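Here the structure is laid out as structure tokens; the discussion comes afterwards.
Lettering follows sequence order; numbering is per chain, from 1. No experiment lies behind these values; they were computed from the predicted model shown.
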2 protein chains.
Amino acid sequence: MSAIHHHHQHGVALHDSARAALEAAGEQWTDMRAAIFAVVAAEERPVSAYDVADKVSQARGKRVAPNSVYRILDLFVANNLVRRIESANAFIANSHPGCVHDCIFLICDSCGQATHVDDDKIAQNVRNLASQTGFAPAQPVIEVRGTCADCD
Amino acid sequence: MSAIHHHHQHGVALHDSARAALEAAGEQWTDMRAAIFAVVAAEERPVSAYDVADKVSQARGKRVAPNSVYRILDLFVANNLVRRIESANAFIANSHPGCVHDCIFLICDSCGQATHVDDDKIAQNVRNLASQTGFAPAQPVIEVRGTCADCD
DNA sequence: CAGTTAAGGTTACAACATATCATCAACGCG
DNA sequence: CGCGTTGATGATATGTTGTAACCTTAACTG
Ligand SMILES: [Zn+2]
Ligand SMILES: [Zn+2]
Ligand SMILES: [Zn+2]
Ligand SMILES: [Zn+2]
């Protein structure tokens with residue numbers, strides 16, 4: 001495997017790996033959780049928790065409070081099903097739930113699309129740099145704002 | 001100059017370079033701007049715009065609305081006097097206003113302290129990675145959450 | 001002087017996030 | 001069965017972060 005890779009999973013396959021990953025962690029895959037994951041996974045761009053709340057409310061024909069959405073998104077983030085995009089205060093489905101990386105996201109300032117790339121070498125360099133100064137890195141945040149190929 | 005460096009400026013010196021950088025950009029260094037810069041520069045941790053508003057209000061004995069603070073912080077960020085820490089929704093003074101880098105910040109989840117490091121090689125690798133996919137990088141965001149040496 | 005610009009004030013509102021307590025279903029067990 | 005426990009979600013309130021719209025003032029310009 002090269003240090004740089006790129007991978008995707010769509011629709012049912014992604015849903016299934018997400019469910020498997022969550023259940024492997026001893027958590028339940030409930031209807032509510034499935035609905036929230038579906039909404040996040042349907043988007044190529046990061047979605048805000050409030051957007052998720054609106055969409056899930058529509059899908060279920062019943063108001064779902066942001067509060068409940070945050071609870072579940074936090075659970076997803078903790079279990080690597082979803083990643084938080086710090087520079088957008090928003091969330092995006094992890095295209096490879098079982099597999100843990102210090103992910104790098106390229107976020108288009110024009111269309112909002114986020115591309116997920118992993119480069120373990122860069123991530124390791126960042127962690128090493130932090131360690132050199134006596135800092136114990138827990139979670140590198142590497143996001144690149146710019147313009148995607150389509151919007152260029 | 002090594003690719004990795006680390007530098008600081010304090011008190012009057014920092015204030016002076018900030019002023020010089022802003023004026024070189026054709027902007028004014030007003031009392032309000034000086035007061036806001038002073039508040040941000042006095043902290044080793046990222047401060048929220050609302051914290052700045054409170055502190056500046058105290059310092060001037062007159063309420064300053066967050067709105068005004070945001071206006072000026074945005075100007076500072078645009079001119080590289082202050083950096084925004086995306087993962088904290090907060091701001092920190094740039095320790096080297098004249099000098100442009102893709103800065104890397106190490107933010108302690110325990111005490112909140114942020115350390116500013118520059119490593120042009122890592123930053124360049126991140127930009128190159130983005131470019132390889134056809135993405136035009138404008139602004140890499142590289143922040144590391146973790147625990148500082150003091151809190152360890 | 002009138003016209004223009006830049007800085008900042010005032011008010012209102014929108015977007016993002018958390019805290020607290022209540023409800024309900026599922027499960028284990030005497 | 002009745003009962004206590006746990007985990008998931010609901011309801012409501014509140015806190016924090018960020019923007020929009022419009023106004024006032026001071027300075028500079030012709
Ligand atoms: Zn991967
Ligand atoms: Zn785009
Ligand atoms: Zn530097
Ligand atoms: Zn610390």
Closest contact, heavy atoms only, [X] versus [Y]:
X      : Y      : answer
A:R45  : A:C111 : NH1-O, 2.8 Å
B:N79  : B:A25  : OD1-CB, 3.2 Å
A:I142 : A:A123 : CD1-CA, 4.4 Å
B:I107 : B:G112 : CG2-O, 4.3 Å

In whole angstroms, how far is the [atom2] atom of [N] from the [atom1] atom of [X]?
X     : N      : atom1 : atom2 : value
A:Y70 : D:dA13 : OH    : C1'   : 16 Å
B:N89 : C:dC16 : CG    : P     : 11 Å
A:W29 : D:dA8  : CH2   : P     : 13 Å
A:E86 : C:dC16 : CD    : P     : 14 Å

> Can you name the residues that form a side chain to side chain donor-acceptor pair (under 3.5 Å) with A:N128, not counting sequence neighbours?
Replying inline: A:Q124
> Tell me, which pairs form a ring-ring contact (aromatic ring centres under 6.0 Å, His included) where one or both residues lie in residues 55-90 of chain A, sequence neighbours left out?
Replying inline: A:F37-A:F76
Detail all sub-3.5 Å separations between protein N/O atoms and N/O atoms belonging to nucleotides 7-11 of chain C.
residue: C:dA7; atom: OP1; partner: B:R33; partner atom: NH1; Å: 3.3
residue: C:dA7; atom: OP1; partner: B:R33; partner atom: NH2; Å: 3.4
residue: C:dA7; atom: O5'; partner: B:R33; partner atom: NH2; Å: 3.4
residue: C:dG8; atom: OP1; partner: B:T30; partner atom: OG1; Å: 2.4
residue: C:dG8; atom: OP2; partner: B:R33; partner atom: NE; Å: 3.1
residue: C:dG8; atom: OP2; partner: B:R33; partner atom: NH2; Å: 3.4
residue: C:dG9; atom: OP2; partner: B:S68; partner atom: OG; Å: 3.2
residue: C:dG9; atom: N7; partner: B:R71; partner atom: NH2; Å: 2.8
residue: C:dG9; atom: O6; partner: B:R71; partner atom: NH1; Å: 3.0
residue: C:dT10; atom: O4; partner: B:N67; partner atom: ND2; Å: 2.5
residue: C:dT11; atom: O4; partner: B:N67; partner atom: ND2; Å: 3.0

> For residues 101-114 of chain A, which residue pairs qualify under salt bridge (Lys or Arg N to Asp or Glu O under 4.0 Å), counting only residues two or more places apart or in two chains?
Replying inline: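 Listed by first then second residue: A:D102-A:R127, A:D109-A:R145.
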What does the list of N/O pairs under 3.5 Å between the protein and nucleotides 26-28 of chain C look like, with a distance for each?
none

Hey, does the side chain of [X] reach the backbone of [Y] with a donor-acceptor pair shorter than 3.5 angstrom?
X      : Y     : answer
A:N94  : A:N80 : yes
B:S57  : B:V64 : yes
B:E143 : B:E86 : yes

> Heavy atom of residues 38-58 of chain A under 4.0 Å from DNA chain D: which residues?
Replying inline: none
